[in-house]
Every structure is written in structure tokens, then in C-alpha cells.
Amino acid sequence: MSTTIPLTITVDGEPRDLDVDPRTTLLDALRDRLGVTSTKKGCDHGQCGACTVLLDGRRVLACLTLAVAKDGADVVTANGLATDGELHPVTEAFLANDAYQCGYCTPGQICSAVGAIDEARQGMPSAVTSDLTGEVTLDRTEIAERMSGNLCRCAAYVNIVSAVEEASRA
Amino acid sequence: MKPFTYARPSEASEAVAALAADPDARFLAGGTNLLDHLKLGVVEPSQLVDVNRVTSTAIEDLPDGGLRIGAGVPNSDLAADPRVRERYPAVAAAILAGASGQLRNMASTGGNLLQRTRCVYFADPTTPCTKRDLSQGCSAREGWARYHAILGTAADGCIATHPSDLAVALVAVDAQVQVLGPDGARTIPIGELHRLPGDDPTRDTVLAHGDLITAVDLPAPTPAVRNSTYRKVRDRASYAFALVSAAVALEVRDGTVADVRIALGGVAHKPWRATVAEAALRGRPATDDEFRAAIAAELDAAEPVRSPLGGNTFKLPLVTGTVVSTLRGLAGGTA
Ligand SMILES: Cc1cc2nc3c(=O)[nH]c(=O)nc-3n(C[C@H](O)[C@H](O)[C@H](O)COP(=O)(O)OP(=O)(O)OC[C@H]3O[C@@H](n4cnc5c(N)ncnc54)[C@H](O)[C@@H]3O)c2cc1C
Ligand code: SF4
Ligand code: FES
Ligand code: FES
């Protein structure tokens, strides 16, 4: 048996201590050990985006992240995006645009959208950016490409793109 | 998942020594490929040695006008670097054509080059696979070979392709891979890093156990490299591996091909530098007919797979169309 390793991860603003077997993914640590179930497990293999969280400010997949490797990290899930009781503009836009059906992929979509909008604001190009060295304009084609790592089994894609478009202009 | 221990050394030499001392230990970088394989049971290491503290995340200017990319630089940062976008457009475009925003934030430069094939039988330990176990046969030859090789294959051997988009672009720009091994540091031209399967398909690269990639150097960009791009053809528009891809660099002077680099993805066990096509094009008119004849000469040696589940003969016209249209686009930009 492997022994457990102690670590501290800040989750949605609160430092959390836990002992983990080295095999524990960040996703399982969040859901099974810390009770943060807004982060969903879809495929557990990096293929669907349901487990997307913001790790030290960047969107990543919690299912392919080992918890032991992230001692001291700052993790924000869809639960932690609200500030002072106000929903995050991206969450608001998902509600306003009816950007979900069953809602299973939604927390991952929202975290991914927050990360994607931030990446575009920093001028990071995507595969559909026509001029690699030019400015980035977050139009629907750009949004669809930048959100392609988040699958939606209900195919709410059209409204997801609208929600991200609205939030990016906020 | 089998139990393993976890170590996070603070010196590169410690990381190398840890692997040298344990044949079943593995380096962990972004984990996007390794963790998937741990869950699938494709690899069962005794120990993970986290290299994130010992590999650089910096992209530095080299005195000759090139760039040194630390092995720990995330794929997203590499693609976004203004110097890379401006001087090595094929490299930025190749990264952006791969995986997803989340994965590119996690994946490292070193790990990307050493990701394993996406052959579905390799990823499924219940099916025979020579790459996982030399004593077994290859399931793909009589199975689902859509994503498999057409060049550099050996009779009855592994027909897996290397899945990295970045590696294809790095081959086109003649990158150099910096390696720290148990016996010290050395430099490997990227074209010699990955190998053909030969009689040992278990080895994807020439690296030995314990060899750590520390950096990737890009030589100063030639006019052709500055005029380069990456074209990827896949089953869906985004978030899919390549059926076929091409990193192409072209310099045309007075309608004549002055310099050309062509590297192909999705066609072989390694990124395939199309040296036959390049030689056929140098000094020739930059026309569609010349482009088509050159790539036809390269594909002379191709041996597509005809499997009962649908082979990959479709890759011959697909490679031709992809390369010709990419060359045409680049010629339009400089002619
Ligand atoms: C759903 C999905 C889609 C994807 N689509 C694409 C795609 O379209 N195109 C594409 O190119 N890739 C794609 N990828 C693959 C992705 O790019 C790779 O998994 C990633 O680049 C690997 O980097 P990493 O840092 O996470 O490596 P890890 O998973 O940490 O390591 C990979 C391997 O490299 C070894 N290693 C890591 N760093 C070093 C080092 N410095 N020196 C020596 N050995 C080292 C590890 O031991 C391991 O064997 C996809 C992945 C997923 C899950
Ligand atoms: S093609 Fe290679 S990786 Fe795929 S089943 Fe055959 S031996 Fe294994
Ligand atoms: S659960 Fe992580 S990507 Fe699907
Ligand atoms: S809303 Fe059901 S999976 Fe996306």
C-alpha cells in the first residue's frame, strides 16, 4: 500500500487540509473528500470538460490532475465564482441565455468560459484566429473553438455560445 | 490503479537519479497523458517523479536569434508567445490545432513530445498490442486502422502514428532537444528523437530510461520558417487528433522554390520529414503541378493498410491535397 500525503489546497477561497493517497485525482479529492460536488465527473479521461476548474487562475481538467502535485494551489470551482452573494457575470449569462438543459456539463462549461474569456483578453490566439499576430475578437466562431473542450450531451451549444458572447462583453 | 509513491525533487539531477535507480519509475509533467494511461492500466509505475519544479517554464532568446523553450513551458504559453507567433507561425498553429484550452494549459513542452500513440488497441490492455508487449501481435492490422501509418512501416509490425501536433511543426523548423541523462547532458535533433517501430515498437523515441528533456531549442528562423503554417485534417473541426497534418515552410523567389520544409503528421510512427518532396521542389517553379509531383514522389514508398474494418488508403489523396493546398497558400503569400 502506498502511504498518504498531507496537503493544503485552497478551494473556493477556503484553505482545506487533507491526506491523500498519491493516486487521488483533484476531481475525486474535491467530490469525495471535500464534498464539492459542483465539479462533475463525465469521462474521467480528459475528453469531456465536465471536471473543469480554475487552478491558480487557469482552466484545467481536475480528472487528469493529481491532488498530491497541487499542494498549496488555489482552486476555484463553479461554486466559488460568486462574490458577495452576486453571481458571476458568466453564470448570470448562462441563466439569461438558457445555456443548459440537464445541467450536468454546466459547472464545467462556466469555469471553462471564465478561463476562455480571460485568455482572449490576454490576447492568446486560437486555431481559428485568422491573424496569429493580430488582435483577438471573441466572435461566435472563436467562442465555439475555445469552448470545444467542453462537450454537452444535451447539445445546448447554441445558447452556450450566446451566453459566453454576452458575458465576454460585460 | 496500482499504488505508487510520489516524489517532487528540486534539482533536475535528482529527478534523473530517481529514475536511474528505479526501472519502474516515471516522470510526471502535466499528467494529461500519463494519468490517462495510469487509469487505463497501460502503465503501472512504482513511483512518479514530478518534474514540475525542475524544468524551466521560461522561453529565452538565444544569441543566434533562436529561442530556448523550457521543457515545463505549458503548450498554451508557447503558442501565445509573441516571438513564436511572429517567427515560427507553424509552431504556434500546430499547438493551437491540438487538444483543448484546458489541456493546453496543463500540457508541458516535454510531455507533449513524449505522449504515446492514440491507437485504440494500445490504450486497451485487453486487446493484443505489440507496442505494449513485444510477445503479442498487432490488433490494428486486422482492425480499426483509420488513424494509422502509411509510411515507414515494417511487415506485420506496429502501424501506430505519433499523435503530437507540436512535434510535427518542430521537425519542420529543425528544433534541437536538450536532454539530461544519467550520463550527463546531450542534444538530439528533433528529427532523430522519435523512431520508426522496426523490431522494437515498445520504444517511441531514442531516449533511455531516466533521460529528462530539459528544453527545446528553435534555431533562428529562416525566411521559409517565417512563412510557415500548420494544416490539420480531422474527423471533426476541433478537439480531435489528426488523420493527416502538415507543417510546411516555404520561400519563393522569382516564382522559384528557394527553400521548403515539409513535415507530415498522422502518417508514420514518427513525425515524417518529407525529404524526397523537399528535394524534388528546391529550385523548381512554385506551381501546383510541381507541388503535386513532389508529394507523389514522397508517397511512392507508402504502404497503406487494407483492414477488414476499413483501412487507410484514403490518406494518399488526403496527404496530397493537404500538402498541395498548403504550399499553394504559402506561395501566394510570398510570390
Ligand atoms: C482528450 C485529449 C485530446 C488531445 N488532443 C491532442 C491533439 O489533438 N494533439 C496533440 O498533439 N495532443 C493532444 N492531446 C495530448 C496532449 O497534448 C498530451 O497529453 C500532452 O501534451 C502531454 O504533456 P504532459 O505534460 O501532460 O505529459 P505527461 O502526461 O505528464 O507525460 C507524458 C509522458 O512524457 C514523460 N515526460 C513528461 N515530461 C518529461 C520530460 N521533461 N522529460 C522526459 N519525459 C517526460 C512522462 O513520463 C510520460 O511518459 C490530447 C489529450 C487528450 C486527453
Ligand atoms: S498499431 Fe501498434 S500500438 Fe496499435 S495495436 Fe498495433 S502494435 Fe499496438
Ligand atoms: S471528467 Fe474530466 S474531462 Fe471528462
Ligand atoms: S446541459 Fe446536459 S450535458 Fe450539457
Side-chain angles (χ1 to χ4, degrees), chain A residues 1-3 5 20-26 43-49 51-71 108 111-113 115-116 118-120 122-129 131-134 136 141 144-151, chain B residues 1-8 28-40 46-48 50-53 74 76-77 79-107 123 165 229-230 232 236-240:
Chain A
M1 259 318 289
S2 45
T3 45
I5 300 181
V20 295
D21 179 294
R23 290 171 289 181
T24 313
T25 60
L26 178 61
C43 63
D44 212 22
H45 287 279
Q47 298 179 355
C48 75
C51 65
T52 305
V53 297
L54 298 164
L55 189 130
D56 296 328
R58 305 182 112 191
R59 53 177 174 157
V60 301
L61 302 176
C63 74
L64 292 184
T65 302
L66 280 181
V68 278
K70 299 301 168 192
D71 189 16
C111 287
S112 187
D118 187 50
E119 289 160 14
Q122 290 175 43
M124 296 171 95
S126 85
V128 298
T129 309
D131 176 5
L132 266 183
T133 54
V136 172
T141 311
E145 164 60 27
R146 288 167 192 263
M147 292 294 291
S148 72
N150 290 83
L151 305 191
Chain B
M1 222 189 281
K2 289 261 173 68
F4 52 77
T5 58
Y6 171 82
R8 184 168 39 203
L28 170 73
T32 59
N33 192 228
L34 187 58
L35 221 56
D36 192 12
H37 285 163
L38 293 174
K39 294 180 189 196
L40 292 165
S46 55
Q47 181 187 178
L48 293 192
D50 190 333
V51 298
N52 286 294
R53 271 197 199 154
S76 47
D77 290 3
D81 188 282
R83 294 163 294 182
V84 176
R85 286 149 71 176
E86 162 107 25
R87 302 179 208 161
Y88 310 91
V91 174
I95 296 168
L96 295 172
S100 66
Q102 294 96 313
L103 286 159
R104 293 192 296 270
N105 278 339
M106 303 167 75
D165 292 299
T229 192
Y230 188 74
K232 180 174 176 180
R236 59 182 185 197
S238 184
Y239 202 21

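Residue numbering restarts at 1 for every chain, and letters A, B, ... go by the order of the sequence lines. Only this structure's heavy atoms are used, side chains among them; waters, hydrogens and symmetry mates stay out.
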Q. Is it the backbone or the side chain of A/Thr52 that comes under 4.5 Å from a heavy atom of chain B, or both, or neither?
A. side chain
Q. A/Leu132 and B/Pro89: which non-hydrogen atoms are nearest, and at how many Å?
A. CD1-O, 3.7 Å
Q | Residues which pass side-chain hydrogen bond (donor to acceptor under 3.5 Å, both in side chains) with A/Asp118, listed by chain and number, not counting sequence neighbours | A | A/Gln122
(Q) Report which part of A/Ala69 has an atom under 4.5 Å of a heavy atom belonging to chain B: side chain, backbone, both, or neither. (A) both
(Q) For A/Thr25 versus B/Leu35, what's the shortest heavy-atom pair and its separation? (A) CG2-CD2, 4.3 Å
Q | Intermediate values then yes/no, side chain to side chain contact (heavy atoms under 4.5 Å, CB included), B/Thr32 and A/Leu61 | A | CA-CA 9 Å; B/Thr32 59; A/Leu61 302 176; over 6 Å; no
Q | Proximity breakdown for B/Leu28 and chain A, heavy-atom pairs closer than 4.5 Å | A | side chain
Q: Please state whether the side chain, the backbone, both or neither of A/Thr129 comes within less than 4.5 Å of a heavy atom of chain B.
A: neither
Q | Which atom of B/Gln102 lies closest to which atom of A/Gly149, heavy atoms considered | A | NE2-O, 4.0 Å
Q: Using atom types as modelled and distance alone, determine if a side-chain donor or acceptor of B/Tyr6 lies under 3.5 Å from a backbone N or O of A/Asp21.
A: no
Q) So, for B/Pro3 and A/Arg23, which heavy atoms are closest and what is the spacing to 0.1 Å? A) N-NH1, 3.5 Å
Q: Take B/Asp50 and A/Lys70, measure what salt bridge (charged side-chain N to carboxylate O under 4.0 Å, His left out) needs, and give me the verdict at the end.
A: CA-CA 11 Å; B/Asp50 190 333; A/Lys70 299 301 168 192; over 6 Å; no
Q. What residue in A/Leu151, A/Val68, A/Thr133 has the most heavy-atom pairs under 4.5 Å with chain B?
A. A/Val68
Q. Which bit of A/Cys111 is near chain B, if near means a heavy-atom gap under 4.5 Å: side chain, backbone, both or neither?
A. neither
(Q) Between B/Arg85 and A/Asp131 (salt bridge meaning N to carboxylate O under 4.0 Å), is one present in this structure? (A) no
Q. Would A/Glu119 and B/Ser76 count as a side chain to side chain contact (heavy atoms under 4.5 Å, CB included) if you check the C-alpha gap in whole Å, the side-chain angles of each, and the deciding distance to 0.1 Å?
A. CA-CA 9 Å; A/Glu119 289 160 14; B/Ser76 47; over 6 Å; no
Q) How long is the gap from CG on A/Leu64 to CG on B/Asn33, to the nearest 0.5 Å? A) 9.0 Å
Q: Answer yes or no: is there a donor N or O on one side and an acceptor on the other, between the side chain of B/Lys39 and the main chain of A/His45, under 3.5 Å?
A: no
Q. Quick check: does any side chain N or O of A/Arg146 sit under 3.5 Å from a backbone N or O of B/Gly101, one acting as donor and the other as acceptor?
A. no
Q. If every non-hydrogen atom of B/Ala79 is compared with every non-hydrogen atom of A/Pro125, which pair is closest and at what distance?
A. O-CG, 4.0 Å
Q | Backbone N/O of A/Arg58 and side chain of B/Asn105: donor-acceptor pair under 3.5 Å | A | no
Q. Can you tell if the side chain of B/Thr5 reaches within under 4.5 Å of the side chain of A/Pro22, non-hydrogen atoms only?
A. no
Q: Identify, with sequence neighbours excluded, every residue that meets side-chain contact (heavy atoms from CB on, under 4.5 Å) alongside B/Ala237.
A: none
Q: Select one option (side chain, backbone, both, neither) describing which atoms of B/Leu48 are under 4.5 Å from chain A's heavy atoms.
A: side chain
Q: Would you mind checking which part of A/Leu55 comes under 4.5 Å of any heavy atom in chain B, side chain (CB onward), backbone (N, CA, C, O), both or neither?
A: neither
Q.
Given heavy-atom pairs under 4.5 angstrom as the criterion, report whether the side chain, backbone, both or neither of B/Lys2 touches chain A.
A. backbone
Q. Side chains of B/Ser238 and A/Glu145: is there a donor and an acceptor less than 3.5 Å apart?
A. yes
